[in-house]
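Inspection log for the structure reproduced underneath, given as structure tokens.
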2 protein chains.
Amino acid sequence: MSDAALSRDKDAVDLGPLAQSLGFLLRLSQLTSFRDFFATLGAENIRPGEASVLMLIARNPGIRQGVLARELMIKRAHMTKMMRAMETSGHVTRTVPKDDRRAAEIWLTDCGHARVKALEGPFLAHESAAAPGLTRREEAELKRLLRKYLGIAEAEVS
Amino acid sequence: MSDAALSRDKDAVDLGPLAQSLGFLLRLSQLTSFRDFFATLGAENIRPGEASVLMLIARNPGIRQGVLARELMIKRAHMTKMMRAMETSGHVTRTVPKDDRRAAEIWLTDCGHARVKALEGPFLAHESAAAPGLTRREEAELKRLLRKYLGIAEAEVS
DNA sequence: TATTGTTATACTCTATAACTATA
DNA sequence: TATAGTTATAGAGTATAACAATA
């Protein structure tokens, strides 16, 4: 344990209004969640961003680059770099649709599909593990509230 | 509306397992929350990071630099830069405690106190506003679950 | 030996705007 | 005129490791 931020609830720091701030709580929760992600899957050299992009392409073959950016709340300029990197690494290919030659459709290559398969196993295993500190009911409720906050329709049942 | 990611729930993209991923939901929620923060307070030139650091120092005068880093889950190396910047801008001063001359205690200057006062108003106003998409009950429950996930004790009543 | 803070480096992500080619 | 993607630049934020002073 070489650096900071691994134990909270010590030294009794007064968080004041921050403890009531949704943005603050979301930020710390996200960092905690990603830390857990790396703790269990770091050896696989998976990045949360890469995983989410690849899984979204896998579920939505031919998705437009801009739609991908919008859904993941990534800037278009940044998405351009990510797509170029993934193209260079051989995970995706891009095609230009006939009806709109400005756009770019993204497809997984065989290598990309293999990568998704390799990612999905550990990813789903990590996600199916219990969120520390919460009961299963609470975890489900937390996810439901986040989806509602985000305007993601409740549809599929896990 | 010049760039991406301002309207979800269009084009019906299949999120697949991501819609069940706590880390993914937390990340998008945090981005959404910060976007709201800037939309209402951006004119004040407030940064969420700066606001949280200053408010924590205000509530905990003389807090150690490392404790600040740990509580906010910021790396010590980065906290060094932030403290230097805030010292240069005249918002904080640093003292060396007698019992441990390695450490650095952080104190707000008059200018820092004024800054906190200027921040707290809009900050609290923003936080007291309803979280879009959620009822007040749901918002309170969401915050409670996040605090439990983070191991922050339920104490003060807002 | 371990810890606090520092320095330095590199990388990721973000923000912004100007640009092209299409529509 | 507006949109999809690109390019370029600057700035946050992060990860990492090595280091000095102190414990």
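Predicted model only: the values in this text are computed from it and were never measured.
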task: Answer yes if M82(A) and L68(A) sit in the same cluster of Ile, Leu, Val, Met, Phe, Trp and Tyr residues linked by side chain heavy atoms under 4.5 Å apart, and no otherwise.
output: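 Yes, M82(A) and L68(A) fall within the same hydrophobic cluster.
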query: Does a donor on one side chain and an acceptor on the other come within less than 3.5 Å for R76(B) and Q65(B)?
result: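 R76(B) vs Q65(B): no donor-acceptor pair found between side chains.
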Which pairs, protein N/O on one side and nucleotides 8-12 of chain D N/O on the other, fall under 3.5 Å?
unit_1: dA12(D); atom_1: O3'; unit_2: R47(B); atom_2: NH2; d: 3.0

- prompt: Any donor-acceptor pair under 3.5 Å linking the side chain of R147(B) with the backbone of A19(A)?
  reply: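 Yes; at least one donor-acceptor contact below 3.5 Å.
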Any donor-acceptor N/O pair, H113(A) side chain to T109(A) backbone, under 3.5 Å: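 Confirmed, H113(A) side chain pairs with T109(A) backbone.
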Are [X] and [N] close enough that a side-chain N or O sits under 4.0 Å from OP1 or OP2?
X      : N       : result
R84(B) : dT7(C)  : yes
R94(B) : dT6(C)  : yes
K75(A) : dT14(C) : no
T80(B) : dG5(C)  : no

Atom pair distance, as rounded to whole Å: [atom1] in [X] and [atom2] in [N]:
X      : N       : atom1 : atom2 : value
L68(B) : dT6(C)  : CG    : P     : 12 Å
Q30(A) : dG13(D) : CD    : P     : 14 Å
L31(A) : dA15(D) : CG    : C1'   : 13 Å

Partners passing side-chain hydrogen bond (donor to acceptor under 3.5 Å, both in side chains) against S21(B) (at least two apart in sequence or in another chain):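 Scan of S21(B) (side-chain hydrogen bond (donor to acceptor under 3.5 Å, both in side chains), adjacent residues dropped) gives E127(A).
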Heavy-atom closest pair, residues S29(A) and Y149(B):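 Closest pair (atom of S29(A), atom of Y149(B), distance): O-CE2, 3.7 Å.
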- prompt: What string of B, S and - do you get for nucleotides 18-23 of chain D 5' to 3' if you count protein non-hydrogen atoms under 4.0 Å?
  reply: ---BBS
E105(B)/R94(B) ion pair, N-O < 4.0 Å: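 Judged by the 4.0 Å cut-off on N to carboxylate O distance, E105(B) and R94(B) do not form a salt bridge.
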